[in-house]
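Have a look at the structure below before the remarks.
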Amino acid sequence: MNAKEKVERWIRPSILASSAYKVPASAGLIKLDAMENPYPWPEEIKQAWLDELRSVDLNRYPDACPERLKGHLRQIMKLPPSMPILLGNGSDEIIQILALAMAQKDRVFLAPEPGFVMYRVIAETAGARFIGVPLREDFSLDRDAMLKAVQQHQPALVFLACPNNPTGNLFDQDAIHAVTRAAPGLVIMDEAYYAFAGKSFADYLGQYDNLLVMRTLSKLGLAGLRLGLLAGPDCWLHELEKVRLPYNINSLTQKSVEFICQHYQILEQQVQQIRQDREKMLVSMSNLPKIHVWPSQANFILFRVLGENAGFVFTGLKMRGILIKNLHGSHAMLQDCLRVTVGTEEENSRFMDALAEVAG
Ligand SMILES: *Cc1c(COP(=O)(O)O)cnc(C)c1O
């Protein structure tokens, strides 16, 4: 047997058939494709942070269960003071932990679509079946379709991203309650963008025995640190902790997060700025006749180009030095759709100029 035959014999067929998540090269481009916060820290804050990092002992393993850090996170994220928290290397890793703990042949994980692609990718690599339930035409949650799918498939896990990525909208509260009540297994409220919406389901933690709330620091301004969290009843987290690798949150991340928790108002101000700039951008974009924009409660904007194809606009923007996300082809409802992250005022105006040129 040659190497290729060995690979094909031993790597699972579902992995062989899949392709790796591609991150496009962005060197030299204005990067508006990944919902990152565009603002650096003030110089004196950066200096104070570097001073803190000096005390990290890289020869030692990190704290395997950083309770104090969890306390700070509960505070800045306005989670109930006693609510148990599981930490992940980004919320992507938390999704993976859930999948490792719950996936089985013939078990279903379910989420509305178009939605966050990692739910499907992780479910399928872990060996569960993924069911996507289409959103309504206006991207609102289709309550009846969701309830029917929950009834039919009895999913182990339901993911609800709120605000949703890539559509940017919040789902109707009553529909979320109905789905949570009907779901036989876990419901994960993925609140990656909650700071940009100001709405959360965290108040219902503990009221439903099958509801967990997931958050991340990535979209708030710390994408490079990789820290996500899952909050909810101890009976669930107790089991999930068995799947989490003991040292998944490295020492530099722990120290840095602890530091930024003391300076959280910087991130809050940046979020406020981004929210304001999002509204300005929505107005400017909706003034372009060939662009249809959807309202957004997140730090990005979904739009469709009319009478032009998305690939042409994507390439035209890239040639003008701007990288956004082309969603055409990712889901039937996203025909000729693109997604742009709200950047700095300067970046947004460069984007607007380029967009007017390419699709004006
Ligand atoms: C970006 C994103 C995440 C994952 O973020 P991490 O960087 O892995 O914490 C999770 N859910 C949604 C809906 C997202 O858009």
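Just so you know, ligand 1 is whichever comes first in the structure, and atom 1 is the first atom listed for that ligand.
Close placement of the H177 and Y204 rings is indicated, their centers lying within 6.0 Å of each other. Aromatic pair F300/F196: centroids not less than 6.0 angstrom apart. Residues H72 and Y264 place their aromatic rings such that the two centres sit no closer than 6.0 Å. For W294 and F139, the distance between ring centers is under 6.0 angstrom. Ring centroid separation for the pair F130 and F109 does not come in under the 6.0 Å cut-off.
Ring pair F259/H263 is tilted by interplanar angle, where 30° to 60° counts as tilted.
Residue G90 approaches ligand 1 through these ligand atoms, each under 4.0 Å from one of its heavy atoms: 8 (O), 9 (O). The A192 neighbourhood of ligand 1 comprises atoms 11 (N), 12 (C), 14 (C), with distances under 4.0 Å to a heavy atom of that residue. Using a 4.0 Å cut-off to heavy atoms of D92, the atoms of ligand 1 that qualify are 4 (C), 8 (O).
Contact between K219 and ligand 1 is present, with at least one heavy atom of the residue lying under 4.0 Å from the ligand. Using a 4.0 Å heavy-atom cutoff, R226 is listed among the residues neighbouring ligand 1. The closest approach between any non-hydrogen atom of S91 and ligand 1 is below 4.0 Å.
Using a 4.5 Å heavy-atom cutoff, the side chains of R215 and S91 are not in contact.
Looking at T216 next to ligand 1, an N or O pair under 3.5 Å apart turns up.
Using a 4.0 Å cut-off between heavy atoms, S218 contacts ligand 1 through its side chain alone, with no backbone atom that close. With a 4.0 Å cut-off on non-hydrogen atoms, D190 touches ligand 1 through its side chain and not its backbone.
At the top of the distance list for atom 15 (O) of ligand 1, counting protein heavy atoms only, stands Y193 OH, 2.6 Å.
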